[in-house]
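Okay, so here's the structure we're looking at.
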Amino acid sequence: MVKPRVCVAILNQGTVSTGLEFVLMKWMQEKRKKYQFSLFEPTDRPISNNRNKIAKKFLAGDWDYLFMLDDDNPPIGDKNIFDLLDYDKDVIGAVYPGRDDDGIHVHVYKFGEKYPEIVSFTQYPSEFRNGLKQVDAIGTGCIFIKRKVLEKIKAPFADIFDEDGILLNNDDMAFCHRCKQAGFGVWTDWSYVCSHFKTVDLL
């Protein structure tokens with residue numbers, strides 16, 4: 001039996017957490033009887049360009065799953081992040097926090113009330129946040145994607161702008177919107193969590 005092949009891409013923007021590669025290699029070693037892994041650290045900018053280049057390279061190869069992990073989203077806890085592959089979902093990712101003018105939130109979303117006329121997103125209530133759940137959108141900082149998804153969606157991680165060039169949805173949310181349009185499910189397991197580091201210039 002041929003083991004599914006997984007392309008692992010750490011999006012290195014110059015802030016890779018100390019020891020992240022070793023933790024990932026340890027987890028890949030634990031899953032080696034079930035999956036074959038290849039590890040890369042692509043560094044292109046901006047990040048949407050990097051993601052689309054990764055997707056193009058992925059499709060040119062013979063991998064079955066693409067796993068993208070941003071360098072500022074290290075998984076935390078003792079759960080092997082590659083266990084998410086065992087769910088065999090079209091798209092599945094881990095939970096991680098973010099921050100905006102309204103405060104701290106998590107990058108797991110449901111579509112707004114006026115979707116699809118207006119592509120907007122809101123948070124899930126606390127009682128929804130447990131176990132494996134199908135959701136409308138997740139951040140792409142820690143995400144597994146099946147090959148068939150990227151074969152069907154052209155320019156999957158392109159930002160969405162309005163007619164004046166104002167950003168409406170970044171590559172994360174735009175990708176999940178395109179998955180919805182293409183008929184692919186998006187999932188998360190709320191027990192798999194990543195951190196989300198940000199760096200600042202102290203000067």
Side-chain angles (χ1 to χ4, degrees), residues 4-16 37-73 81 84-85 87-96 98 100 105-112 114-122 134-188 194 196 198:
R5 295 169 293 273
V6 184
C7 177
V8 177
I10 305 175
L11 280 73
N12 186 345
Q13 302 293 293
T15 58
V16 171
F37 296 95
S38 302
L39 177 63
F40 305 94
E41 292 193 45
T43 59
D44 289 288
R45 294 173 185 264
I47 196 166
S48 56
N49 170 63
N50 200 7
R51 294 195 196 285
N52 283 317
K53 281 191 172 182
I54 291 166
K56 186 174 181 178
K57 178 176 180 176
F58 170 82
L59 291 173
D62 62 352
W63 295 286
D64 302 293
Y65 293 90
L66 172 61
F67 173 57
M68 289 190 296
L69 180 69
D70 288 3
D71 56 7
D72 62 351
N73 287 129
I81 199 69
L84 292 176
L85 286 165
Y87 285 127
D88 193 31
K89 300 300 184 183
D90 294 337
V91 178
I92 189 168
V95 177
Y96 59 92
D100 58 21
H105 59 273
V106 292
H107 286 300
V108 183
Y109 303 94
K110 61 179 179 178
F111 292 124
K114 295 183 179 180
Y115 182 86
E117 289 78 17
I118 299 175
V119 182
S120 64
F121 302 88
T122 186
Q134 186 168 7
V135 295
D136 290 329
I138 55 175
T140 52
C142 182
I143 192 169
F144 293 88
I145 306 167
K146 276 189 176 181
R147 184 179 191 88
K148 65 179 183 180
V149 176
L150 296 175
E151 286 177 335
K152 186 170 183 179
I153 300 175
K154 182 70 174 176
F157 303 103
D159 298 328
I160 298 177
F161 297 88
D162 70 11
E163 60 185 13
D164 297 316
I166 306 300
L167 181 68
L168 295 176
N169 287 283
N170 62 13
D171 61 297
D172 304 68
M173 300 300 97
F175 170 68
C176 293
H177 165 60
R178 293 182 179 110
C179 285
K180 178 71 172 180
Q181 291 182 312
F184 296 113
V186 175
W187 297 75
T188 193
C194 291
H196 196 185
K198 291 297 178 186

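Just so it is clear, the model here is predicted, and its values are computed rather than measured. Along the sequence shown, residues are numbered consecutively beginning with 1.
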For the atom pair [atom1] ([X]) and [atom2] ([Y]), what is the distance rounded to the nearest 0.5 Å?
| X | Y | atom1 | atom2 | answer |
| --- | --- | --- | --- | --- |
| D88 | K146 | CG | NZ | 3.5 Å |
| Y65 | L84 | OH | CG | 11.5 Å |
| I143 | L69 | CD1 | CG | 11.5 Å |
| D72 | C142 | CG | SG | 11.5 Å |
| I10 | N73 | CD1 | CG | 11.5 Å |
| T188 | Y109 | OG1 | OH | 12.0 Å |

Is the side chain of [X] donor-acceptor paired with the backbone N or O of [Y] at a distance under 3.5 Å, no angle test?
| X | Y | value |
| --- | --- | --- |
| R51 | T140 | yes |
| N50 | D44 | yes |
| T122 | K110 | no |

Legend entry - With D136 via side chain to side chain donor-acceptor pair (under 3.5 Å) - residues at least two apart: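 Counting only residues at least two positions away or on another chain, D136 forms no side chain to side chain donor-acceptor pair (under 3.5 Å).
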Legend entry - Geometric cation-pi criterion K180 and F111, 6.0 Å radius, 45° cone: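 Not flagged: K180 not positioned over aromatic ring of F111.
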Could you tell me which non-hydrogen atom of [X] sits nearest to which non-hydrogen atom of [Y], and how far apart they are?
| X | Y | result |
| --- | --- | --- |
| A158 | A174 | O-CB, 3.3 Å |
| P156 | R178 | O-NH1, 3.2 Å |
| I54 | P42 | CD1-CG, 3.4 Å |
| F175 | I153 | CE1-CD1, 4.4 Å |
| S48 | D171 | CB-CB, 4.0 Å |
| F157 | M68 | CZ-CE, 3.4 Å |

Inset, instruction - Could you tell me how the ring of H107 sits relative to the ring of Y96: parallel (under 30°), tilted (30 to 60°) or perpendicular (over 60°)? - result: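 Geometry flag for Y96 against H107: tilted rings.
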Inset, instruction - Under the side-chain contact (heavy atoms from CB on, under 4.5 Å) rule, what do R5 and D62 come out as? Steps first, then yes or no, please. - result: CA-CA 7 Å; R5 295 169 293 273; D62 62 352; 3.7 Å; yes
Inset, instruction - Determine, step by step, whether C179 and D90 satisfy the side-chain contact (heavy atoms from CB on, under 4.5 Å) criterion, reporting the C-alpha distance in whole Å, the side-chain angles of both residues, the deciding distance to 0.1 Å, and the verdict. - result: CA-CA 9 Å; C179 285; D90 294 337; over 6 Å; no
Inset, instruction - Scan residues 151-170 for pairs that pass side-chain hydrogen bond (donor to acceptor under 3.5 Å, both in side chains), counting only residues two or more places apart or in two chains. - result: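 Listed once each, the pairs are R147-E151.
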Legend entry - Verdict with reasoning, F58 to I145, per side-chain contact (heavy atoms from CB on, under 4.5 Å): CA-CA 11 Å; F58 170 82; I145 306 167; over 6 Å; no
Inset, instruction - Start with the C-alpha distance between C7 and F37, add both sets of side-chain angles, then the distance that settles side-chain contact (heavy atoms from CB on, under 4.5 Å), and finish with yes or no. - result: CA-CA 6 Å; C7 177; F37 296 95; over 6 Å; no
